Amino acid sequence: MPQHPDFARGLSVGIIMDGNGRWAKQRGLPRTAGHKKGAEVFQQIADYCDRIGLASVYFYAFSTENWKRPAEEVGAIMRLFGEYLVRAFDYKSRNNRIVFLGERAALDPRHQQLMAEIERDTADRTGMVLNIAVNYGGRQEITRAARLLAQEAAAGRLDPAAITEETLAARLYTAGQKDPDLILRPSGEKRLSNFMLWQAAYAEMVDMEVLWPDFTPAHLDAAIAEYNRRSRRFGGI
């Protein structure tokens, strides 16, 4: 960890967990083994994010496009997700608020119930907000927000002329939360892949040549150090 104790305090970080399949292939293992290892790393990094004082962290766990993968792989990912739900993401021993982002209707009803229970039980927590994006897509999120605004306008509860960026943001899954300051992507890929398209407008991007199952707290430290070296002007001089 860098010497300065507050090098990460108050930051919001988005993490695209990428490279599980490639990690497994390099080792002659089934892709499901990569996802299992990646889930273990998720827990380690989530714990570390809490320890270093992040305000919030957004983990991209499963996208709306990931349903296109082989059924066996999708099933393995969902089983892992279910296991973490049963363990409740270790929330009982921490002061974290847990929020799930994404369209839940396609998920197992038992998972939906557990997600709602975890969110309810942690709603008043004052520590780091741990966001898990499951069946999530940035375009889908913005479309959903636009639909909600249209319904309110059609019902006469909202004047279309009064719609602002703030009113749309209030209908996103991340309503009331801080936009990410930094989005990092292991695996060397250099794209958002439909992750937080609205919220990423001024996020700093860091890509890293490490597959997610090999990701460590030291890699997160390096990404935050890179962020801290940058000058953020938000369109100004």
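Source: prediction; values computed, not measured. Just so it is clear, the values below take in all heavy atoms, side chains as well, and ignore hydrogens, waters and symmetry mates.
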Report yes if the side chains of [X] and [Y] come closer than 4.5 Å at any heavy-atom pair, otherwise no.
| X | Y | answer |
| --- | --- | --- |
| Cys49 | Met128 | yes |
| Arg185 | Met205 | no |
| Tyr173 | Glu103 | yes |
| Asn194 | Tyr60 | yes |
| Ser12 | Asp179 | no |
| Ile132 | Leu101 | no |
| Val206 | Arg230 | yes |
| Leu197 | Arg139 | yes |

So, [X] side chain and [Y] main chain: donor-acceptor pair closer than 3.5 Å or not?
| X | Y | value |
| --- | --- | --- |
| Asn66 | Ser63 | yes |
| Tyr48 | Ala218 | no |
| Tyr136 | Met196 | yes |
| Asn228 | Phe7 | yes |
| Thr164 | Thr167 | yes |
| Arg9 | Leu54 | no |
| Asp207 | Lys190 | no |
| Lys178 | Gly10 | yes |
| Thr122 | Ile98 | yes |
| Glu119 | Val99 | no |

Does a donor on one side chain sit under 3.5 Å from an acceptor on the other, for Arg97 and Ser56?
-> no
Please report the shortest heavy-atom distance between [X] and [Y], naming the atom on each side.
| X | Y | value |
| --- | --- | --- |
| Gly137 | Thr64 | N-CG2, 3.6 Å |
| Met208 | Ala222 | CE-CB, 4.2 Å |
| Trp212 | Gly38 | NE1-O, 3.0 Å |
| Pro180 | Gly14 | CB-N, 4.1 Å |
| Gly34 | Pro213 | O-CG, 3.9 Å |
| Ala200 | Leu192 | CB-CD1, 4.2 Å |

Taking side chain to side chain contact (heavy atoms under 4.5 Å, CB included) as the test, write out the residues that go with Lys36, two or more places apart.
-> Glu40, Leu80
Stepwise, does the side chain to side chain contact (heavy atoms under 4.5 Å, CB included) test hold for Asn95 with Thr126?
-> CA-CA 6 Å; Asn95 189 32; Thr126 58; 2.8 Å; yes
Rounded to the nearest 0.5 Å, how far apart are [atom1] of [X] and [atom2] of [Y]?
| X | Y | atom1 | atom2 | result |
| --- | --- | --- | --- | --- |
| Thr32 | Lys37 | OG1 | NZ | 15.0 Å |
| Arg51 | Ile45 | CZ | CD1 | 9.0 Å |
| Gln199 | Thr174 | CD | OG1 | 3.5 Å |
| Phe62 | His35 | CZ | NE2 | 9.0 Å |
| Gln177 | Asn131 | CD | CG | 4.0 Å |
| Asp121 | Ile118 | CG | CD1 | 8.0 Å |

Do [X] and [Y] sit in the same hydrophobic cluster, where Ile, Leu, Val, Met, Phe, Trp and Tyr count as joined when their side-chain heavy atoms come under 4.5 Å apart?
| X | Y | result |
| --- | --- | --- |
| Leu130 | Phe81 | yes |
| Leu184 | Val210 | yes |
| Ile16 | Ile224 | no |
| Tyr202 | Leu172 | no |
| Leu29 | Val41 | no |

So Phe215 and Met17, side chain to side chain contact (heavy atoms under 4.5 Å, CB included) or not? Walk me through it.
-> CA-CA 9 Å; Phe215 195 86; Met17 299 184 289; over 6 Å; no
Salt bridge present between [X] and [Y] (N-O < 4.0 angstrom):
| X | Y | answer |
| --- | --- | --- |
| Arg27 | Asp214 | yes |
| Arg110 | Glu117 | no |
| Arg69 | Glu73 | yes |
| Arg22 | Asp18 | yes |
| Arg229 | Glu226 | yes |
| Glu72 | Arg31 | no |

For salt bridge (charged side-chain N to carboxylate O under 4.0 Å, His left out), just list the numbers for Arg171 and Glu152, CA-CA rounded to whole Å, side-chain angles, deciding distance to a tenth of an Å, and then say yes or no.
-> CA-CA 11 Å; Arg171 275 76 177 175; Glu152 293 176 45; 2.6 Å; yes
Under the side chain to side chain donor-acceptor pair (under 3.5 Å) criterion, do Asp47 and Gln43 qualify, and how do the steps go?
-> CA-CA 6 Å; Asp47 292 346; Gln43 186 67 69; 3.1 Å; yes
Passing candidate, side-chain contact (heavy atoms from CB on, under 4.5 Å) with Ile15, options Tyr58, Phe59, Phe42, Phe195 | Phe59
Does atom CG of Asp159 have more than 12 heavy-atom neighbours from other groups under 6.0 Å away?
-> yes
Residue pair Leu158, Leu149: steps toward the side chain to side chain contact (heavy atoms under 4.5 Å, CB included) verdict | CA-CA 8 Å; Leu158 179 66; Leu149 290 172; 3.6 Å; yes
